[in-house]
Trainee: 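I have a structure I would like to understand better, so I am pasting it below and will then ask my questions one at a time.
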Amino acid sequence: MKKKIKITTAVFAYTFMQSINCTASYAADDPNNTYTLEDKDIYAERDKTIVNPYITGGDFNIISRQDIENHHYSSIQDALKTIPGIQISTPGYRGGEYGYSSYNTELSINGENSIVILVDGRRIDNDANSYGGNKSRVNLSTLPGMDNVEQIDIIKGAGAAIYGSDAAGGVINIITRRGTIKPKTTVDIATGSWQRHNYALTHTGASNDGSLKYALSLSRQLSGNAKYKDSFTGSTKSFENTGYREENASFNITKDFDKKHSLTVTYDHSYEKAYYPITAPDFRYIESFYNGTMASINPVTHRYIGLNSSADGYRNIFLYDAWLGSYDETQTNNADLKYVFDKTDENAESFIRVYKNYTRYNMKDFSDIWNVPYPYLDEFWNTARNSLNGHTDIEKAAGTAVQFSKHVKNHSMTTGFNYRKSSYEGWDNDDSYASVRRSYSLYLQDKIKLGNKFTITPGVNYSYYSSGHYNDTDFGSTGKTTFSIYSNYDFDTKTNIYFSASQIFRPVTGLDFSRAFSNDPLKDEKGYNYNLGVDRKITSKDQIGINYANTYMDNALGRYSILNTAKEKWETKTVNAERKKQALNISYTHAFSDIWKLSSSYSWVNENFHAKNVFLNPDGSTPDSLINAYRPRNIYRTSLTYEKKNWFGDLAYTIYSGNDTQYFTDSRFGVLDLALNYKLNESAQIYLNINNITNEAYQTRALSGYDAGALPESGRSFMLGVKYTF
């Protein structure tokens, strides 16, 4: 039997979503396995929640290995979107264009995409550049494969001073697999819709004396073109050029010298080749595309004259990119070495680590053919097919981190220093780019327990970023000291309340500097964030959690794409803005019995973005109109879970509402998903995942100028798999 544990703060908010007590059943055979949490190793007994000793209170969620095993998530994004307050906004495909947030999957917490993403406590972003133009600065396709994930910790809002001053939305730490005393090998094979095939192999073990543990993980995912239901025709369409191939490999070796000293070596590799179509066709105006009447045609050059996004069915012209096979290729190699030289009685670590991150992107597209009328396509086809537009981008980061932890009476103190050198280089058919930026941060945090009920955690962080150069743009150095405070109070064994307030500071990146308008010199992002929440166990079967978050930025950076008619290409621009953002999360769970549980959640985001200096773009649009109202405002999720002996089932219904119908095909979408898992015996299990059972036509993001329905999510699909452990 799993032991039920009461967890203060909002740790059990995750319970509301997954309909289980927030326990972690790990595959480890050793009752004293070590797992890394935000640079902290926590020794935990089997089937108990692994608690991060540096969590200071607030809205905190855990996705355990058992949750991953039950639901068989195919990616970290699939797991994250089940958490209240997290939204995964996708264009409906995996591929994308480097530097353009419009054509990449974005992650937000409480509507804020300024998020710190960590792997085993190590930051994986880059200070010299920003992959998709999004503020987490991380391409989600570079994250570890799900078979290599032991646990995911999610902090909504700034969770501790040790994470830095740029975690306005929150912190996500992905904890990878660790070795086990008893050798264990797992093979996972699945197949399903659209020629999708998943293969995964993991092996964990240890030396004879158990002091040396190791873990190895290999995986591959393949897919053909996805399908979706078109909102306007009501029929299922093939989403051309959306196939992909993803491969992951990683290993971890940990040597325990004694209870307080250890050395860990980690290496992660990922590769993905993902095709992308830019947008889906608009079948309402498909005839004007095929007969060449989208705009006037130059009789000499046989190209459209003045074709722009105001033309009905404009996005149909991107069918050429799909037919020709535009793609994005990503390769990541990250290495990490960490030596722990002391631990407190709360398992907080003193350590030194060195690491190196490397990611290379190769993008190929065929944009030169975009304004050719379809009746004249034969004249340009062979030339276009043989003249790819190539773009290569390389991000590197090397860093060192030192941390000291001390527990004295009611004080749990942590101080540390981080240094990182980030570099970027890129080139295309016409130009090359390069940038280097150094950064360091100092942090000090004291978690103070005032009696048995009240905890308060003040913190201070100083961050510095060096001057640099990017694409003919010089930028100066910058730095700032920020303060934060977190508090947590247990009224009794049933009720917990928490509050946090923190300053936000994010420097302008070189990429943003290069995209600024001449009349709008960019300034660093500054503001504040606060969170207030309560968790209440109403009865032995009912629990509720409520969290309110507010973010105010007196200077925020907004990014959007506009068409440069002189160059006949799309460009991303960055502007200064004032932004106010509010978010509310409500979670509730009811246990009908030990077998049946019902969980529900509601997430609301209200954003008001207003540009300060740029009120009209060269194409006549406004920055505010290009940034506001491009995601659902409300997300409701209800999940019915069944768990008995060898069976596990989760039927989840998600509603996206509050959609602006100028950009979305409906104000409300409802999506039904099923996860089913059956253990044949202690070694083998079979599972079935069906997504979008009702084949709903829906979108989770939109783009101005492309009309509604440009970025459809996938239609009904399934994956059937078998998993065997020996």
Trainee: Has Asn173 got a side-chain atom pairing as donor or acceptor with Gly121's backbone, closer than 3.5 angstrom?
Mentor: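 Pair found, side chain donor or acceptor close to backbone of Gly121.
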Trainee: Is it the case that the ring center of Tyr440 lies less than 6.0 angstrom away from the ring center of Tyr419?
Mentor: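 No, the ring of Tyr419 stays outside the 6.0 Å limit from the ring of Tyr440, centre to centre.
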Trainee: In terms of relative ring orientation, are Tyr314 and Phe318 parallel, tilted or perpendicular, with 30° and 60° separating the classes?
Mentor: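 Judged by the thresholds at 30° and 60°, the geometry between Tyr314 and Phe318 is perpendicular.
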Trainee: Take Leu703 and Tyr706, measure what side-chain contact (heavy atoms from CB on, under 4.5 Å) needs, and give me the verdict at the end.
Mentor: CA-CA 6 Å; Leu703 292 176; Tyr706 291 167; 3.5 Å; yes
Trainee: I'd like to check Ile117 versus Leu107 (side-chain heavy atoms, cut-off strictly below 4.5 Å). Are they in contact?
Mentor: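 When only atoms from C-beta onward are counted, Leu107 and Ile117 do touch, with a gap below 4.5 Å.
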Trainee: Nearest 0.5 Å, what's the CG-OG1 distance between Leu140 and Thr330?
Mentor: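 Going from CG on Leu140 over to OG1 on Thr330, the span is 11.0 Å.
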Trainee: Counting distance only, does the side-chain N/O of Ser114 pair as donor-acceptor with the main-chain N or O of Asp166 below 3.5 Å?
Mentor: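 Yes, because the side chain of Ser114 sits within donor-acceptor range (under 3.5 Å) of the backbone of Asp166.
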Trainee: Any chance you could measure Gln403, atom CD, to Glu349, atom CD, to the nearest 0.5 Å?
Mentor: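 Between atom CD of Gln403 and atom CD of Glu349 there are 7.5 Å.
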Trainee: Between Tyr163 and Tyr443, does the ring centroid distance fall short of 6.0 Å?
Mentor: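 Not under 6.0 Å, so no.
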Trainee: Taking side chain to side chain donor-acceptor pair (under 3.5 Å) as the criterion, tell me which of Trp604, Tyr548, Tyr552 meets it with Gln582.
Mentor: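 Result for side chain to side chain donor-acceptor pair (under 3.5 Å) with Gln582: Tyr548.
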Trainee: Quick one: are Leu143 and Val138 in side-chain contact, heavy atoms under 4.5 Å?
Mentor: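 In short, these two side chains touch, coming nearer than 4.5 Å.
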Trainee: Check the angle between the aromatic planes of Phe513 and Phe475 and answer parallel, tilted or perpendicular using the 30° and 60° thresholds.
Mentor: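 Taking Phe475 first and then Phe513, their aromatic rings lie parallel (interplane angle under 30°).
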Trainee: Given 3.5 Å as the limit, does a donor-acceptor pair link the side chain of Arg315 with the main chain of Ala280, or not?
Mentor: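 Pair found, side chain donor or acceptor close to backbone of Ala280.
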Trainee: Main chain of Ile162, side chain of Asn461: is a donor-acceptor contact present, judged purely on distance under 3.5 Å?
Mentor: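 Not a single qualifying donor-acceptor pair exists.
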Trainee: Are there over 12 heavy-atom neighbours, none belonging to Lys364, within less than 6.0 Å of that residue's NZ?
Mentor: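 For Lys364, atom NZ is crowded (more than 12 foreign heavy atoms under 6.0 Å).
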Trainee: Nearest 0.5 angstrom please: Asp336 CG to Arg122 CZ, how far?
Mentor: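 If we round to the nearest 0.5 Å, Asp336:CG and Arg122:CZ are 4.5 Å apart.
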Trainee: Between Thr481 and Tyr462, is there a donor-acceptor pair closer than 3.5 Å when you use the side chain of the first and the backbone of the second?
Mentor: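 Checked: no pair found.
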Trainee: I need the minimum non-hydrogen distance between Asn529 and Ile504, along with the two atoms involved.
Mentor: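 What the structure gives for the nearest pair is CB-CD1, 3.9 Å.
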Trainee: Quick one: pull up CD1 in Ile124 and OG1 in Thr142 and give me the separation to the nearest 0.5 Å.
Mentor: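 These two atoms lie 5.0 Å from each other.
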Trainee: Identify the residue among Asp393, Asp428, Asn104, Asn129 that makes a side chain to side chain donor-acceptor pair (under 3.5 Å) with Tyr98.
Mentor: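 It is Asn129, the one option of Asp393, Asp428, Asn104, Asn129 that forms the side chain to side chain donor-acceptor pair (under 3.5 Å) with Tyr98.
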Trainee: For Leu557, is there any backbone N or O sitting under 3.5 Å from a side-chain donor or acceptor partner on Glu525?
Mentor: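 Yes: the side chain of Glu525 pairs with the backbone of Leu557.
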Trainee: Any non-hydrogen side-chain atom of Asn531 less than 4.5 Å from a side-chain atom of Phe499?
Mentor: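 Heavy-atom side-chain distance check fails, nothing below 4.5 Å.
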Trainee: Verify the distance criterion only: is there a donor paired with an acceptor across the side chains of Asn362 and Asp328 at less than 3.5 Å?
Mentor: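 No, because no side-chain N or O of Asn362 sits under 3.5 Å from a partner of the opposite role on Asp328.
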Trainee: Can you measure from NZ (Lys338) to CG (Asp120) and round to the nearest 0.5 angstrom?
Mentor: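 Here the rounded value is 7.5 Å.
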Trainee: Give, for atom CG of Asn547 and atom CG of Asn110, the distance between the pair rounded to the nearest 0.5 Å.
Mentor: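 The distance works out to 6.0 Å.
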Trainee: Is it the case that atom NZ in Lys612 sees more than 12 heavy atoms from other parts of the structure closer than 6.0 Å?
Mentor: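 Yes.
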Trainee: Could you tell me if Tyr656 and Asn634 have a donor-acceptor pair between their side chains, going purely by distance under 3.5 Å?
Mentor: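 Side chains of Asn634 and Tyr656: no pair found under 3.5 Å.
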Trainee: Would Lys573 pass as a cation-pi partner of Phe517, given that its NZ or CZ must be under 6.0 Å from the six-membered ring centre and within 45 degrees of the axis?
Mentor: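 So Lys573 does make the cation-pi contact.
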Trainee: Assess, by modelled atom type and distance only, whether the side chains of Thr90 and Glu713 contain a donor and an acceptor separated by less than 3.5 Å.
Mentor: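 Side chains of Thr90 and Glu713: pair found under 3.5 Å.
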Trainee: I need the minimum non-hydrogen distance between Asn585 and Pro84, along with the two atoms involved.
Mentor: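 Closest approach of Asn585 to Pro84, heavy atoms only: OD1-C, 3.9 Å.
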Trainee: Going through the checks in order, is the side chain to side chain donor-acceptor pair (under 3.5 Å) test met by Asp268 and Asn334?
Mentor: CA-CA 5 Å; Asp268 298 312; Asn334 297 335; 5.4 Å; no
Trainee: Among Arg506, Arg420, Arg437, which residue meets the salt bridge (charged side-chain N to carboxylate O under 4.0 Å, His left out) test with Asp125?
Mentor: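 So the option named by the test is Arg420.
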Trainee: Would you check if the side chain of Ser502 reaches a backbone N or O of Ser484 as a donor-acceptor pair within less than 3.5 Å?
Mentor: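 Not at all, since once roles are kept as given, no pair shorter than 3.5 Å links the two residues.
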Trainee: List in chain and number order the residues that pass side-chain hydrogen bond (donor to acceptor under 3.5 Å, both in side chains) with Thr482, two or more places apart in sequence or in another chain; answer none if no residue qualifies.
Mentor: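 Thr482 satisfies side-chain hydrogen bond (donor to acceptor under 3.5 Å, both in side chains) with no residue once adjacent residues are dropped.
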